[in-house]
Amino acid sequence: MALREISIWKTIDWYVVGLYTVLVLIGWVSIYAASYNFDNASIFDFSERSGKQLLWIGLSFCIAFILLMLDNRIYETLAYPIYIGFMILLVATIFLAPEIKGSRSWLVLGPVNIQPAEFAKFGTALALARLISTYNFVLTRFTNFFKACFLILLPMALIMMQKETGSALVYASLVFMLYREGMTGLILFAGLCSIVYFVVGVKYSGMLWGITPVGEVLVLALILLVMIIMVAYFYKDSVVVRNLLLFSTSVFIVFYLLSIWDISINWVYLFLAVIALSSLYIAFLYLQSRKSKLLLTICFAIVSVLFLFSVNYVFTELMEPHQQTRIKVAFGMEDDPRGAGYNVNQSKIAIGSGGLWGKGFLNGTQTKLKYVPEQDTDFIFCTIGEEEGFWGASLVVILFFALILRIIQIAERQKSVFGRVYGYCVASILFFHLAINIGMVIGLCPVIGIPLPFFSYGGSSLWGFTILLFALLRIDAGRLENY
């Protein structure tokens with residue numbers, strides 16, 4: 001493919017380039033602050049992390065320049081070969097990568113370690129954009145939806161095999177793009193419900209109500225409530241909703257009174273019986289009205305119940321012990337300030353000590369005394385919070401949201417489906433990284449080890465996000481060119 005002429009500079013979105021540059025430079029300074037060495041105060045010392053990051057930044061600008069100079073049609077033309085290439089690289093990583101901190105996700109290439117999972121996001125975004133931009137493609141068709149899900153789930157599975165759960169979960173963010181392209185909102189709703197069921201089921205699994213685990217009872221109550229809400233939305237008959245509510249409430253009041261009289265009751269069985277009887281009633285309504293959404297409600301209830309009883313198996317059998325501990329700490333089930341909860345506890349202390357205006361550049365005590373592990377990689381946001389305070393941290397978040405909103409705007413103005421889909425993929429990935437990383441640092445999410453874009457130390461992360469972003473800018477610039 002031929003390199004572009006200098007006219008690219010007239011069509012590029014300089015607003016995004018400016019935000020990218022500002023974020024990268026603030027990230028570089030933050031890495032210097034997080035890894036500051038009192039014996040060597042130079043930010044340009046290439047033996048220190050700040051100096052090495054400067055090299056990665058320089059190479060990132062070179063990568064950005066090359067991406068902008070390429071013909072914009074190369075991304076659509078080579079979308080599938082690029083995807084296949086990265087999938088082969090992910091498979092090779094499983095067998096060739098050395099074990100580092102319990103995972104096999106880094107390929108050692110001489111003095112440089114490369115994490116293919118960071119670059120596979122680019123290939124996956126391109127492949128999805130190419131697939132959905134196919135002529136007469138409709139995402140609501142099952143076969144098409146299956147193809148899109150396969151493109152997302154394949155790299156997730158390969159990365160999970162590398163024992164990099166955090167990096168694998170990032171690909172789940174692409175569901176937001178699928179929703180934009182026509183996927184039913186019920187799938188997003190189901191995903192939200194599954195998260196709520198998992199959190200409630202695990203958090204209250206150790207508590208008992210008589211002989212019944214409280215977590216299971218609460219989730220079953222939520223499933224019943226969701227069923228009634230779905231019937232109200234799909235059937236739109238207040239009498240039916242009233243009947244379901246009266247039936248459920250009456251049953252639980254009667255059995256609660258029986259429990260007061262020391263009659264042993266298994267509330268899980270009771271809730272299952274109520275859900276089953278409610279499902280039969282909904283099935284009867286379907287036979288009368290032939291509204292297919294009522295069958296969907298029954299299926300949703302069945303799948304929800306199956307999901308509930310699989311939660312304990314997934315949590316205890318499939319998750320690694322350290323992952324279980326991190327989740328328990330995040331949910332407040334355990335207090336482990338010297339173990340799994342140490343990173344988050346020290347991070348919250350650092351951010352909280354920054355106050356409104358911060359302690360000042362290079363004056364953070366928690367970070368300078370190295371109390372926060374991984375403070376220049378996954379936990380770099382705590383350095384900003386401690387030294388720059390609430391206003392500095394807020395400014396960083398505002399810059400990120402400005403970038404994400406601009407990317408969405410770029411995606412919406414594309415003349416091709418390929419460009420729009422790819423733009424939403426980039427926005428989804430950036431948003432997921434931002435939300436989970438900051439949520440992890442302030443204790444709202446379990447620690448899953450994903451970097452803060454443009455801030456966390458390392459070449460793979462920075463290069464991966466640079467490729468994602470500048471490929472989008474090249475595609476966007478191409479919409480104004482005449483060939």
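Remember, it's a predicted structure, so these values are computed and weren't measured experimentally.
Note that OG of S347 and CG of D378 are 11.0 Å apart. Values are rounded to the nearest 0.5 Å. Considering OG1 of T77 and CG of D71, their distance stands at 8.0 Å, rounded to 0.5 Å. Within the model, atoms CD1 of I429 and CG of L174 stand 5.0 Å from one another, a figure rounded to the nearest 0.5 Å. Note that the CG atom of L158 and the CD1 atom of I88 stand 11.0 Å from one another [nearest 0.5 Å]. For the atom pair I132 CD1 and C425 SG, the distance stands at 7.0 Å (nearest 0.5 Å). Here the CG-CD1 distance, from L178 to I187, works out to 8.0 Å after rounding to the nearest 0.5 Å.
Not one N or O on the side chain of E387 forms a donor-acceptor pair closer than 3.5 Å with the backbone of F361. Using a distance-only test at 3.5 Å, with no hydrogens or angles considered, a donor-acceptor pair links the side chain of K236 to the main chain of Y233. No side-chain donor-acceptor contact under 3.5 Å links H433 to the backbone of I450. Side-chain atoms of R49 never come within 3.5 Å of backbone atoms of I31 as a donor-acceptor pair (strictly under, hydrogens ignored). Judged purely by atom type and a 3.5 angstrom limit, S456 has no side-chain atom pairing as donor or acceptor with the backbone of P451.
Residues meeting the salt bridge (charged side-chain N to carboxylate O under 4.0 Å, His left out) test with K359, sequence neighbours left out: E386. For L54, the side chain to side chain contact (heavy atoms under 4.5 Å, CB included) partners two or more places apart in sequence, or in a different chain, are W28, F44, F46. The side chain to side chain donor-acceptor pair (under 3.5 Å) check on E412 picks up R180, Y424, with sequence neighbours excluded. Under the ring pair (Phe, Tyr, Trp, His ring centres under 6.0 Å) criterion, Y83 pairs with no residue at all, not counting sequence neighbours.
In terms of heavy atoms, L462 sits closest to Q53 at CD2-NE2, 3.8 Å. Closest of all the heavy-atom pairs between Y286 and L295 is CZ-CD1, 3.5 Å. Summarising the geometry of A172 relative to M156, their closest heavy-atom pair is N-SD, 4.1 Å, with the distance given to 0.1 Å. Across S30 and I384, no two heavy atoms sit closer than the pair OG-CG1, 3.7 Å. When all heavy atoms of E48 and S35 are compared, the closest pair comes out as OE1-O, 4.3 Å. When every heavy atom of V421 is checked against every heavy atom of A129, the shortest pair comes out as CG1-CA, 3.5 Å.
For residues 113-123, the set of pairs meeting the salt bridge (charged side-chain N to carboxylate O under 4.0 Å, His left out) definition, not counting sequence neighbours, comprises E118-K121. Screening residues 129-156 for side-chain hydrogen bond (donor to acceptor under 3.5 Å, both in side chains) gives no qualifying pairs among residues at least two apart or on separate chains.
Residues T383 and D376 are not in side-chain contact: their nearest non-hydrogen atoms beyond the backbone lie 4.5 Å or more apart. With a 4.5 Å cut-off on side-chain heavy atoms, S289 and L294 count as touching. By the 4.5 Å heavy-atom criterion applied to side chains, F86 and I82 are counted as neighbours. When side chains are defined from C-beta on, F137 counts as touching L131, because their heavy atoms get closer than 4.5 Å. Residues L308 and S304 fail the side-chain proximity criterion, which asks for heavy atoms closer than 4.5 Å. I410 is listed as a side-chain neighbour of Q414, based on a closest heavy-atom distance under 4.5 Å. Within the 4.5 Å cutoff, no side-chain heavy atoms of M161 are placed close to those of L90. With contacts defined as side-chain heavy-atom distances shorter than 4.5 Å, the pair V200/V196 qualifies.
Within 6.0 Å of atom OH in Y179, 12 or fewer heavy atoms from other residues, nucleotides or ligands are found, so the atom counts as exposed in its surroundings. Residue F307 places its CZ atom among more than 12 non-hydrogen atoms of other residues, nucleotides or ligands, all under 6.0 Å distant. Counting non-hydrogen atoms of other residues, nucleotides and ligands closer than 6.0 Å to CZ of F61 gives a total above 12.
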Could you go step by step and tell me if R413 and D13 meet the salt bridge (charged side-chain N to carboxylate O under 4.0 Å, His left out) rule? CA-CA 12 Å; R413 74 188 184 193; D13 193 308; 2.9 Å; yes
Check your understanding: After noting the C-alpha distance and the side-chain angles of M440 and F381, does the key distance pass the side-chain contact (heavy atoms from CB on, under 4.5 Å) rule?
Key -> CA-CA 10 Å; M440 177 182 74; F381 190 75; over 6 Å; no
Q.
Under the criterion salt bridge (charged side-chain N to carboxylate O under 4.0 Å, His left out), I'd like the reasoning laid out for K163 against E99: C-alpha separation, chi angles, the key distance, then a yes or no.
A. CA-CA 10 Å; K163 297 184 178 180; E99 185 170 331; 6.0 Å; no
- Check the pair Y235 / T297 against side-chain contact (heavy atoms from CB on, under 4.5 Å), numbers first and verdict last. CA-CA 11 Å; Y235 199 70; T297 302; over 6 Å; no
Pair F119, L89 - check side-chain contact (heavy atoms from CB on, under 4.5 Å), show working. CA-CA 10 Å; F119 302 98; L89 192 59; over 6 Å; no
For side-chain contact (heavy atoms from CB on, under 4.5 Å), just list the numbers for L469 and F454, CA-CA rounded to whole Å, side-chain angles, deciding distance to a tenth of an Å, and then say yes or no. CA-CA 11 Å; L469 189 59; F454 314 122; 4.3 Å; yes
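Between F379 and the options N437, L452, V441, a side chain to side chain contact (heavy atoms under 4.5 Å, CB included) holds for only V441.
Using cut-offs of 30° and 60° for the angle between ring planes, the W463 and W56 rings count as perpendicular. Between F455 and F400, the ring planes lie tilted relative to each other; the angle falls in the 30° to 60° range.
Not less than 6.0 angstrom separates the ring centroid of Y75 from the ring centroid of Y422.
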